[in-house]
Every structure is written in C-alpha cells, then in structure tokens.
Amino acid sequence: MEDCKKLIVNGRVVFHDGLREVSLLIENETIAAVLKKGIFPEEPCEVIDAEGKIVMAGMIDTHNHMSDPGPYNFREDWYCGSCSAASGGITTICDMPLPSVPATINKEGFLQKQNTAAASSVVDFALWGGLIPSSIPDMEEMHRLGCVGFKGFMCFATKEYPRITDGYLADGMKQAAFFDGLIALHAENAEAADFGCRHYSESHCEDEAKFDQARPWWTEYDAIQRAVLFAKMTKARLLICHTTIAQGAEFLRDAKKEGTPVYVETCPHYLIFDHDILREKKSFAKCTPPFRNRENVEKMWEYVKDGTIDVLGSDHGPFTDEEKVMQKDFWKEYCGFGCNDVMLAAMISEGIGKRGLSWSRLSDLTSANAAKILGLYPRKGSLMPGADADIIFIDPKERWVYDGSKSFSKTKSVKGPYQGMELTGRVTDTFVRGRRVFGDGTIFAEAGYGRLVKREG
C-alpha cells in the first residue's frame with residue numbers, strides 16, 4: 001500500500017511550540033495535512049497507529065563521514081551506514097567530504113559520491129563540499145551542484161585533505177560570501193594541538209585522559225575566535241563544527257548577539273562523556289576535539305538550552321577495532337567512532353530524561369535548525385503540509401542497553417564510548433518520504449531508496 005494515502009494517528013506530535021495530539025496525513029511522499037484527532041479523510045487510507053509514541057520530524061545529521069566510495073569503505077559504506085542511521089531516527093545524512101576517495105572537492109568527486117550513495121542509501125542524503133587550498137576555484141560550481149556547504153580543517157587533517165591555512169581560509173570565505181555559501185570548520189589551532197600530542201607521545205604518557213591537555217581548550221578557543229573574525233571581515237556564513245568548550249559557546253553566543261552569521265554545532269558525546277572515558281575505553285573513544293572535564297560537560301548543557309547551540313551532528317566515522325590500535329601508541333591512533341544509531345536515544349536519556357530538555361527543543365536541534373541553516377527547509381525539517389514525510393516514532397519509556405554488535409553499522413564495534421550505556425527512549429519506526437524504512441528492528445527499504453537533497457536558494 002505504498003502509493004495510498006497514510007494517516008498517522010494517536011501519537012503526540014512534536015511541533016516548534018510543543019506537543020499536539022493530532023493526525024498526520026501523508027500523500028505522494030509529503031505531508032498533505034495536519035488533522036484534528038479523530039478526523040479521517042473521505043478517501044481510503046492506511047491507518048498507522050502511534051499510540052504511546054512521540055512523533056517527531058526525522059533527524060538531519062549535519063556531520064557524517066562515510067568512507068564510501070573508495071578503498072576505506074570496509075569501515076563504513078553507504079548501505080550499512082544509512083541502515084544504522086535509519087535505526088537511530090536519521091532520515092537525511094549530510095555527508096562530509098572525507099575520507100571518501102576521491103574526496104568531495106570538485107564536480108568529479110561530487111558526482112561519484114552522489115552516484116555511490118544513490119545506489120546504496122536507504123535514507124535521503126545531502127553532500128558537503130571540501131574546503132582545502134586546491135578546491136577554492138571549484139566552490140561556486142559545487143554550490144550550483146547542490147552542496148550544503150564547505151568543510152575545512154583549521155587543524156591538521158590528512159595528507160590527502162590538507163588543512164585550510166589562514167590565507168586560503170579568508171579567500172574561501174570571500175568566495176562563499178559571493179554566492180551565500182556556508183563555511184564549516186573544525187576549529188583547533190593546528191601547531192599547538194599537534195605539538196601537544198607529540199609531546200605526550202614522546203614522554204610516553206600513560207594517562208589517556210590527558211588528551212584534553214595535549215589539545216587544550218584554548219587551542220579550540222583560539223581557532224573559534226579567528227574563524228569568527230574572518231567571517232566578520234568577509235561577511236561569510238559560518239558553522240563551527242563539534243564545539244566542545246563552554247568558553248567557545250559563550251564567545252559564539254556573544255558573536256550571534258552582535259549579528260555575526262555564525263552557527264554552532266556540537267555532538268551528543270560531548271554532552272555526555274568527559275575525558276575520564278578515555279581511561280576506560282582508551283583509543284576506542286578517542287576523537288577530536290577531545291573530551292573535556294565534567295564541569296565543562298555540564299556547562300555545555302546551558303548553551304544547549306538557551307539556543308546558542310543550533311544543531312547536533314553525530315560525527316559518525318567508524319574505524320575497525322584493529323585500526324584503532326594499529327600504532328600501539330594512544331597519542332598516534334586514529335580519531336573517531338560510530339554513533340549515528342545511538343545519538344538521539346542518548347539525547348533523550350540525558351537531555352529530556354535527566355535535564356528537562358523539551359521535545360520541541362530537541363526537534364529543533366536535530367532537524368528544523370539544520371534544515372534552515374543548510375538550505376533544505378521547508379522541504380526537510382518540518383511536519384507542516386508540503387514537507388517531505390520524514391517522520392520518526394519514539395517510545396519514550398523503553399529501557400535498553402546499547403550494544404554495538406547489534407548495530408547495522410559495518411564495523412559493529414563493541415568497544416566504543418556508548419557500549420553498555422543504559423538508555424531510556426528509543427526510535428521504533430523511521431519513515432522517509434512516507435515509506436517505513438525501519439521498524440521492529442528491521443530495515444524495510446531496499447538499497448538505493450534514498451535520494452540526494454540539494455541546497456535550495
């Protein structure tokens with residue numbers, strides 16, 4: 001009955017101004033109407049009962065790293081990664097330019113990734129373009145192709161994807177400002193962070209929690225300040241990726257008040273774990289920027305609640321267990337882990353369950369704000385008529401324990417930071433453009449159901 005009208009009934013539906021007991025009518029992949037409870041259309045329709053569930057707009061993951069296409073897709077490919085995303089309530093993946101090969105830095109790379117994703121993804125997807133010195137001449141063409149923005153690293157990244165030094169950053173921002181593109185930055189001072197890691201490696205430090213001191217908070221603060229200054233001078237729109245520090249969030253809040261077009265992303269793991277997790281999980285929980293101290297973690301929640309933080313990204317980027325220890329030196333091991341299937345449940349447990357975050361605020365953080373910032377709104381990020389019927393059901397009372405071995409993600413690691421975490425609240429059903437792609441622990445969509453979503457306007 002995929003082509004018939006569908007009516008979602010009996011759920012508590014999340015809107016910007018709160019929860020409503022209404023029904024959602026779906027037709028031709030979009031939301032056709034929001035109806036009062038008990039009202040049914042005259043035409044026949046499939047009735048979907050959401051009794052006891054929270055009904056929310058599907059998540060837009062602003063920060064994802066597929067290793068596909070390319071030789072590293074043994075870590076994560078578009079089919080497994082999108083199935084994992086669907087099981088966690090993500091209906092649109094916004095994929096970063098690396099570590100796919102080729103990186104998404106020009107038309108050729110864009111089209112190759114688009115074709116790979118279109119053949120395999122079970123959820124919709126958008127693509128970030130690259131911001132490296134050699135890609136600046138290609139930015140406008142990438143924008144026309146539909147890129148949602150351009151990602152650069154102020155710290156050292158990889159040999160294949162070099163960092164964006166200040167001169168090139170200013171140039172790239174000028175180019176983006178010309179066509180109203182969005183610059184997204186990994187903000188850490190390159191030399192200071194690299195120096196600290198080499199120092200702790202050479203001194204054979206055995207306390208993994210000191211990763212927070214190797215790349216201290218002020219290396220992030222310095223880069224955030226420079227990025228905002230450059231954005232002011234060039235009039236470029238700016239997104240600070242995976243912000244970890246309260247000092248940075250405070251600075252960005254003040255920059256917003258001054259009218260600077262800057263947006264703030266963080267990741268659920270920076271709101272949950274502190275640097276002590278590194279002593280327990282070691283390199284399997286290593287990521288950059290690092291986990292900070294507990295006081296900082298709790299302070300970051302204030303900026304989640306007051307609206308300073310705009311969006312949540314998973315920073316999903318799995319490695320195999322073997323890769324995470326191959327250097328036999330914590331300070332040199334790869335950074336990153338898989339988490340797109342658990343990020344929403346973690347936010348429900350920690351935010352709504354423990355800290356009084358509202359469902360509306362959570363929906364803004366995971367969907368509406370991302371759609372607006374990335375140019376996907378109102379097609380995505382909304383439950384109003386005309387929007388794509390990207391919808392998730394959540395059982396807010398289900399208690400469960402995260403187990404990576406049961407993940408749809410390709411690596412299925414049981415050593416990451418979320419392993420064994422006790423959670424309350426779980427995604428039970430995921431609909432992409434009206435089709436149930438996940439439910440009852442099962443993926444129902446075939447590879448290639450997902451479509452490219454381009455930035456509009």
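Every heavy atom of this structure was used, including side-chain atoms; hydrogens, water molecules and symmetry mates were not. Please read these numbers as outputs of a predicted model, since none were measured by experiment.
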Problem - Arg292 CZ to Glu220 CD distance, which is reported to the nearest 0.5 Å - result: 5.0 Å

Practice task
Using a 4.5 Å cut-off on heavy atoms from C-beta on, say whether the side chain of Cys94 contacts that of Asp61.
Solution key: no

Exercise for the section: Quick one: do Glu29 and Arg451 satisfy salt bridge (charged side-chain N to carboxylate O under 4.0 Å, His left out)? Show the steps, please. Expected result: CA-CA 12 Å; Glu29 300 189 341; Arg451 296 176 185 168; 3.0 Å; yes

Handout entry: Full working for salt bridge (charged side-chain N to carboxylate O under 4.0 Å, His left out) between Lys5 and Glu43
Key = CA-CA 8 Å; Lys5 291 183 179 180; Glu43 304 86 351; 3.3 Å; yes

Exercise for the section: Please round to the nearest 0.5 Å and tell me the distance separating atom CZ of Arg435 and atom CZ of Phe431. Expected result: 12.0 Å

Problem - Side-chain heavy atoms of Trp301 within contact of Leu271, under 4.5 Å - result: yes

Handout entry: Glu295 atom CD, over 12 foreign heavy atoms within 6.0 Å
Key = no

Handout entry: side-chain contact (heavy atoms from CB on, under 4.5 Å) between Ser82 and Ile93, intermediate numbers included
Key = CA-CA 8 Å; Ser82 66; Ile93 292 169; 4.1 Å; yes

Practice task
Answer yes or no: does atom CZ of Arg237 have more than 12 heavy-atom neighbours from other residues, nucleotides or ligands under 6.0 Å?
Solution key: yes

Exercise for the section: Determine whether the side chains of Thr308 and Asp306 contain a donor N or O and an acceptor N or O closer than 3.5 Å. Expected result: yes

Problem - Steps toward salt bridge (charged side-chain N to carboxylate O under 4.0 Å, His left out) verdict (Lys410, Glu76) - result: CA-CA 5 Å; Lys410 199 167 189 177; Glu76 189 72 293; over 6 Å; no

Handout entry: Modelled atom types, side-chain donor and acceptor of Ser405 and Lys412, under 3.5 Å
Key = no

Practice task
Please determine, by modelled atom types, if Lys113 and Ser100 share a side-chain donor-acceptor pair under 3.5 angstrom.
Solution key: yes

Handout entry: Given Lys372, Lys256, Arg361, the one that forms salt bridge (Lys or Arg N to Asp or Glu O under 4.0 Å) with Asp310
Key = Lys256

Show every donor-acceptor pair shorter than 3.5 Å between a side-chain atom in residues 387-398 and any protein atom, with sequence neighbours excluded, or say none if there are none.
unit_1: Asp388; atom_1: OD2; unit_2: Arg379; atom_2: NE; d: 3.1
unit_1: Asp388; atom_1: OD2; unit_2: Lys380; atom_2: NZ; d: 2.9
unit_1: Asp390; atom_1: OD1; unit_2: Arg433; atom_2: N; d: 2.8
unit_1: Asp390; atom_1: OD2; unit_2: Lys380; atom_2: NZ; d: 2.6
unit_1: Asp395; atom_1: OD1; unit_2: Lys397; atom_2: N; d: 3.0
unit_1: Asp395; atom_1: OD1; unit_2: Glu398; atom_2: N; d: 3.3
unit_1: Glu398; atom_1: OE2; unit_2: Arg426; atom_2: NH1; d: 3.3

Problem - Exceeds 12 heavy-atom contacts within 6.0 angstrom, atom OH of Tyr72 - result: no

Handout entry: Shortest non-hydrogen contact between Thr91 and Val123, atoms and distance
Key = O-CB, 3.6 Å

Practice task
Find the distance between OG (Ser413) and NZ (Lys281) and round it off to the nearest 0.5 Å.
Solution key: 8.5 Å

Completion exercise
For Tyr402, the side-chain hydrogen bond (donor to acceptor under 3.5 Å, both in side chains) test, sequence neighbours excluded, returns Asp341

Handout entry: Min side-chain heavy-atom separation Leu383-Ile31 under 4.5 Å
Key = yes

Problem - Worked check of side-chain contact (heavy atoms from CB on, under 4.5 Å) between Val304 and Leu365 - result: CA-CA 8 Å; Val304 170; Leu365 284 162; 3.7 Å; yes

Completion exercise
What one should report as the nearest heavy-atom pair of Ala187 and Ile240 is CB-CG2, 4.4 Å

Problem - Pairwise side-chain contact, Phe251 with Val228, heavy-atom cut-off 4.5 Å (strictly under) - result: yes

Practice task
Kindly indicate whether the side chain of Ile277, heavy atoms from C-beta on, has any atom under 4.5 Å from the side chain of Glu280.
Solution key: yes

Problem - Electrostatic pair Arg12-Glu21, nearest N-O below 4.0 angstrom - result: no

Handout entry: Residue pair Val325, Phe330: steps toward the side-chain contact (heavy atoms from CB on, under 4.5 Å) verdict
Key = CA-CA 8 Å; Val325 294; Phe330 170 86; over 6 Å; no

Practice task
Before accepting this row, confirm whether a basic side-chain N of the pair Glu188/Arg215 lies closer than 4.0 Å to the acidic partner's carboxylate O.
Solution key: yes

Practice task
Output all residues satisfying salt bridge (Lys or Arg N to Asp or Glu O under 4.0 Å) with Glu323, sequence neighbours left out; order by chain, then residue number.
Solution key: Arg75

Problem - Residue pairs involving residues 265-276 (criterion side chain to side chain donor-acceptor pair (under 3.5 Å); sequence neighbours excluded) - result: Thr62-Glu265, His63-Glu265, Asp212-His275, Asp274-Arg294, Asp276-Arg279

Exercise for the section: Please determine if Glu422 and Arg399 form a salt bridge, counting it only when a charged side-chain N lies under 4.0 Å from a carboxylate O. Expected result: no

Exercise for the section: Tell me, please, which residues at least two apart from Ser120 pass side chain to side chain contact (heavy atoms under 4.5 Å, CB included). Expected result: Trp78, Tyr79

Exercise for the section: Provide the closest heavy-atom pair for Pro41 versus Leu35 in the form atom of the first, atom of the second, distance. Expected result: CD-CD1, 4.3 Å

Handout entry: Exercise: do His65 and Asp95 side chains pair donor with acceptor under 3.5 Å
Key = no

Practice task
Indicate yes or no: at least one non-hydrogen side-chain atom of Phe291 is less than 4.5 angstrom from one of Phe211.
Solution key: no

Fill in the blank from the handout: In this structure, CD1 of Ile309 is separated from CG of Asn369 (nearest 0.5 Å) by 11.5 Å

Exercise for the section: Please report the closest heavy-atom contact between Gly18 and Ser360, naming both atoms and the distance. Expected result: N-OG, 3.1 Å

Handout entry: Where Trp128 and Gly149 come nearest, the two heavy atoms and their spacing
Key = CE3-C, 3.3 Å

Completion exercise
dist Leu185:CG -> Leu239:CG (nearest 0.5 Å) comes out at 8.5 Å

Handout entry: Residues Asp68, Thr116; criterion side chain to side chain donor-acceptor pair (under 3.5 Å); working and verdict
Key = CA-CA 7 Å; Asp68 196 19; Thr116 302; 5.2 Å; no

Problem - Short side-chain donor-acceptor distance under 3.5 Å, Asp124 and Thr92 - result: no

Exercise for the section: Evaluate the criterion side-chain contact (heavy atoms from CB on, under 4.5 Å) for residue pair Met56 and Leu344; output intermediate values, then yes/no. Expected result: CA-CA 12 Å; Met56 197 164 83; Leu344 181 59; 4.1 Å; yes

Exercise for the section: Any chance you could lay out the salt bridge (charged side-chain N to carboxylate O under 4.0 Å, His left out) test for Glu258 and Lys232, step after step, and finish with the verdict? Expected result: CA-CA 10 Å; Glu258 295 172 359; Lys232 286 181 177 179; 2.9 Å; yes

Completion exercise
Here the gap from Ile8 atom CD1 to Lys53 atom NZ, rounded to the nearest 0.5 Å, amounts to 11.0 Å

Problem - Short side-chain donor-acceptor distance under 3.5 Å, Asp49 and Asn10 - result: yes

Problem - With Val34 via side chain to side chain contact (heavy atoms under 4.5 Å, CB included) - residues at least two apart - result: Phe15, Val22, Leu24, Pro385

Problem - Lys305 atom NZ, over 12 foreign heavy atoms within 6.0 Å - result: yes

Practice task
Could you check if a side-chain atom of Gln419 sits within less than 4.5 angstrom of a side-chain atom of Asp403, using non-hydrogen atoms only?
Solution key: yes

